[in-house]
Q: 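First the structure, then my questions, so here it is.
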Amino acid sequence: SIRPSARDVVQLSLYSGRDKLNIEYPFVDESEGIQVDYQDESQWGNLGSSLRWARKWNQRWFTNAIGSYSTYSSFLNARDRTTDLNFGIKDSTLTDRSGDLAELSLKFESELSFLKHTVGLGVWSTYQEVHYTSKSSDGDKASLFESAATLALYIQDEINIRPNLSANVGARLSYYDGNKQTFLEPRIAGEWQLHERFSLKVGIGRYTQAIRRIRRQNLFLNTPDFWRLSNGANIPVLVSDQWQIGFQIPSNKWIIDVEYYERYLNGVVADPLQYSFEVRDQLSDLWTGTGQIRGVDIMLQRTVGRHTGWISATISKAVEQYNEVKQEEVYTPSDQRLELNTVYLVRFPHWTITATGVFGSGRPTTPLIGYYNLELLNGSTTTVPVRGAINSARLPAYHRLDLAARYNFVLGSGQAEFGVSIFNVYDRKNVRETQYYLSQNSDASLVVDEKQLYYLGIMPAISFTITY
């Protein structure tokens, strides 16, 4: 960040991160005399950069220009090796999948304040590319390339109607060339200070999203999610109509904040293979439909001297209905009926110590409920697994405790901070998902078992920051 003049700021930022996950485990069926060694190697990460120029022309006029470029990539290399323990015969199944997303964005906005108004005007343009490839040893291949651009104009007005009453009214007009559609997105929000210790907040608006994150995880492979762009065929633009209402009660030592919200989604998409026992990989037709999210957020905070603590709770329900599925409603993979967060923070002259507790009720999963025998044309039979209703079961609850301590001190002409933290102090094995094993014997019968995959366990970390 540099300041060419007293009125200008130029900022350049870069970010890069990459994660790797290697899952290996054997499965032995002594009755069938086979051993399957599973190995799923996943990688995903992003690279981001942005350049920003901001100028304050005078006390009432401000402009901001931003250019950014980012990429996201994911990769899966799956190797399943089957060994006949009686005869030593080995067979391997190979699967490779990769997905890439690139985005170039330009944005210019201007803000002007006068009387009781602060008016913002802006223009925004983005170009996106998606590339996906897949191949396996059984001959399945898939490839996809998509690109699209979006141009948007927006205006908003922050109005101080009265000393205790304010509103923000605006709208965005966007054109998406992926399906040649134009969208108008009006939005309004307001806050009314009814009393010095009671304020009411409301909001309503429409939002659209053209890029879609598709969960490709099926019940047998640890497949990373990938991205698709809306088109005029089987992937609509997501339109979300939402509203919320809430209130806040502040005092010298307490803050109570409550908000209720509802969101109605049109154009939700899902990949049917994520709920299937099929291990094939192809760019299948996607399910489309509608969705609803309802919930309430509650936050209670108290400060006494150097001690601050708060607890927040979210109670919600998120369901979707797909045109291709007879099931009346399907819980979304992210549906979590209850989430609790507690934080305790204590400050000393140079030290800040925090403890954070997290609890979440189990997320939905599709269960395996049984098998049936299918007779083949050659007279043999194969055992076929049967799943229950989509996302009709729940994973175990999620909970953990994090601890952190930060020490602040003067270093030369700047400020320095040294930090130590421990994530998941008691090393809770929180279940991320249930994965099933599948292998085929010489008589074409299937062997199916299950294994739970976990989130990160205990993880210590240190940090050092210098600010000038």
Side-chain angles (χ1 to χ4, degrees), residues 1-17 45-72 101-129 148-161 163 165-177 182-191 201 203 205-211 240 242 406 408 410-417 419 463-468:
S1 177
I2 60 174
R3 289 183 172 272
S5 71
R7 295 184 177 183
D8 297 275
V9 176
V10 177
Q11 295 176 323
L12 175 65
S13 61
L14 298 171
Y15 172 81
S16 179
N46 54 13
L47 172 67
S49 62
S50 67
L51 179 63
R52 173 178 177 262
W53 168 59
R55 180 174 177 83
K56 186 175 183 179
W57 300 88
N58 54 47
Q59 293 299 319
R60 296 185 176 183
W61 185 24
F62 173 83
T63 58
N64 191 36
I66 303 175
S68 62
Y69 177 75
S70 62
T71 62
Y72 174 87
L101 165 66
E103 179 179 283
L104 175 64
S105 180
L106 300 173
K107 181 179 181 181
F108 178 81
E109 56 188 359
S110 179
E111 187 177 280
L112 180 64
S113 299
F114 60 95
L115 300 178
K116 296 183 178 181
H117 300 264
T118 300
V119 177
L121 296 169
V123 57
W124 168 74
S125 178
T126 185
Y127 173 77
Q128 296 163 326
E129 287 185 353
T150 303
L151 177 65
L153 304 172
Y154 75 89
I155 182 173
Q156 69 175 21
D157 185 9
E158 296 183 19
I159 314 169
N160 292 315
I161 304 172
L165 180 62
S166 63
N168 189 322
V169 183
R172 189 175 85 159
L173 181 67
S174 61
Y175 173 77
Y176 176 66
D177 76 347
T182 301
F183 299 91
L184 178 62
E185 304 166 53
R187 302 164 190 178
I188 183 172
E191 182 173 0
K201 300 176 293 182
R206 166 169 287 190
Y207 301 82
T208 63
Q209 181 176 316
I211 188 167
S240 173
Q242 56 193 60
R406 302 191 305 272
N408 297 276
V410 177
L411 184 63
S413 59
Q415 291 285 330
E417 179 183 274
S463 63
F464 185 72
T465 305
I466 300 176
T467 304
Y468 292 100

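This chain uses plain numbering: 1 for the first residue, then up along the sequence.
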Q: Would you say Trp61 and Ser110 make side-chain contact, with heavy atoms under 4.5 Å?
A: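 SC-SC contact between Trp61 and Ser110 confirmed.
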
Q: Which heavy-atom pair separates Val119 from Phe114 by the least distance, and what is that distance?
A: CG2-CE2, 3.8 Å

Q: Are a donor atom and an acceptor atom from the side chains of Thr63 and Glu109 found within less than 3.5 Å of each other?
A: no

Q: Calculate, to the nearest 0.5 Å, the distance between atoms CH2 and CD1 belonging to Trp53 and Ile66 respectively.
A: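 It is 12.5 Å, given to the nearest 0.5 Å.
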
Q: Check step by step if side chain to side chain contact (heavy atoms under 4.5 Å, CB included) holds for Gln11 and Val9.
A: CA-CA 7 Å; Gln11 295 176 323; Val9 176; 3.8 Å; yes

Q: Rounded at 0.5 Å granularity, tell me how far OG in Ser68 sits from CG in Leu106.
A: 7.5 Å

Q: To the nearest 0.5 Å, how far apart are OG1 in Thr126 and CD in Glu103?
A: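 Here the interatomic distance stands at 3.5 Å.
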
Q: I want to check something: taking the side chain as every heavy atom from C-beta on, are Glu111 and Leu121 in contact at a cut-off of under 4.5 Å?
A: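 No, too far: nothing below the 4.5 Å cut-off.
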
Q: Evaluate the criterion side chain to side chain contact (heavy atoms under 4.5 Å, CB included) for residue pair Ile159 and Thr118; output intermediate values, then yes/no.
A: CA-CA 7 Å; Ile159 314 169; Thr118 300; over 6 Å; no

Q: For side chain to side chain contact (heavy atoms under 4.5 Å, CB included), just list the numbers for Arg52 and Val10, CA-CA rounded to whole Å, side-chain angles, deciding distance to a tenth of an Å, and then say yes or no.
A: CA-CA 6 Å; Arg52 173 178 177 262; Val10 177; over 6 Å; no

Q: Report yes or no: do Glu129 and Tyr127 form a side-chain donor-acceptor pair below 3.5 Å?
A: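 Judged by distance alone, the side chains do pair up.
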
Q: Which value, rounded to the nearest 0.5 Å, describes the distance between Leu173 atom CG and Leu184 atom CG?
A: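 Going from CG on Leu173 over to CG on Leu184, the span is 6.0 Å.
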
Q: Under the criterion side chain to side chain contact (heavy atoms under 4.5 Å, CB included), I'd like the reasoning laid out for Asn46 against Tyr15: C-alpha separation, chi angles, the key distance, then a yes or no.
A: CA-CA 8 Å; Asn46 54 13; Tyr15 172 81; 3.2 Å; yes

Q: Sub-3.5 Å donor-acceptor pair from the side chain of Arg7 to the main-chain atoms of Trp57, do we have one?
A: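 Side chain of Arg7 to backbone of Trp57, a donor-acceptor pair under 3.5 Å: yes, one is there.
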
Q: Between Arg406 and Glu417, is there a side-chain N and carboxylate O pair less than 4.0 Å apart?
A: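 So Arg406 pairs with Glu417 through a salt bridge.
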
Q: Which heavy atom in Asp8 sits nearest to a heavy atom in Arg55, and how many Å separate them?
A: OD2-NH1, 2.5 Å

Q: Any heavy-atom pair between the side chains of Val410 and Gln415 that's under 4.5 Å?
A: yes

Q: Supply the atom-to-atom distance Leu14 CG to Ser16 OG, rounded to the nearest 0.5 angstrom.
A: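 Here the interatomic distance stands at 9.0 Å.
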
Q: Of the non-hydrogen atoms in Ala149 and Asp177, which two are nearest, and what is the gap between them?
A: N-OD1, 2.8 Å

Q: Measuring from atom OG of Ser240 to atom CD of Glu185, what distance do you get when rounded to the nearest 0.5 angstrom?
A: 10.0 Å

Q: Answer yes or no: is there a side-chain heavy-atom contact under 4.5 Å between Val123 and Leu151?
A: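 Side-chain contact under 4.5 Å: yes.
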
Q: Which atom pair, heavy atoms only, marks the closest approach of Glu158 to Asn168?
A: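 What the structure gives for the nearest pair is CG-ND2, 3.3 Å.
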
Q: Can you confirm whether more than 12 heavy atoms, excluding those of Arg206, are under 6.0 Å from its CZ atom?
A: no

Q: Verify the distance criterion only: is there a donor paired with an acceptor across the side chains of Ser50 and Ser13 at less than 3.5 Å?
A: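 Yes, Ser13 and Ser50 have a side-chain donor paired with an acceptor closer than 3.5 Å.
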
Q: How close do Trp124 and Ser105 get, heavy atom to heavy atom, and via which atoms?
A: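 The answer is NE1-OG, 3.1 Å.
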
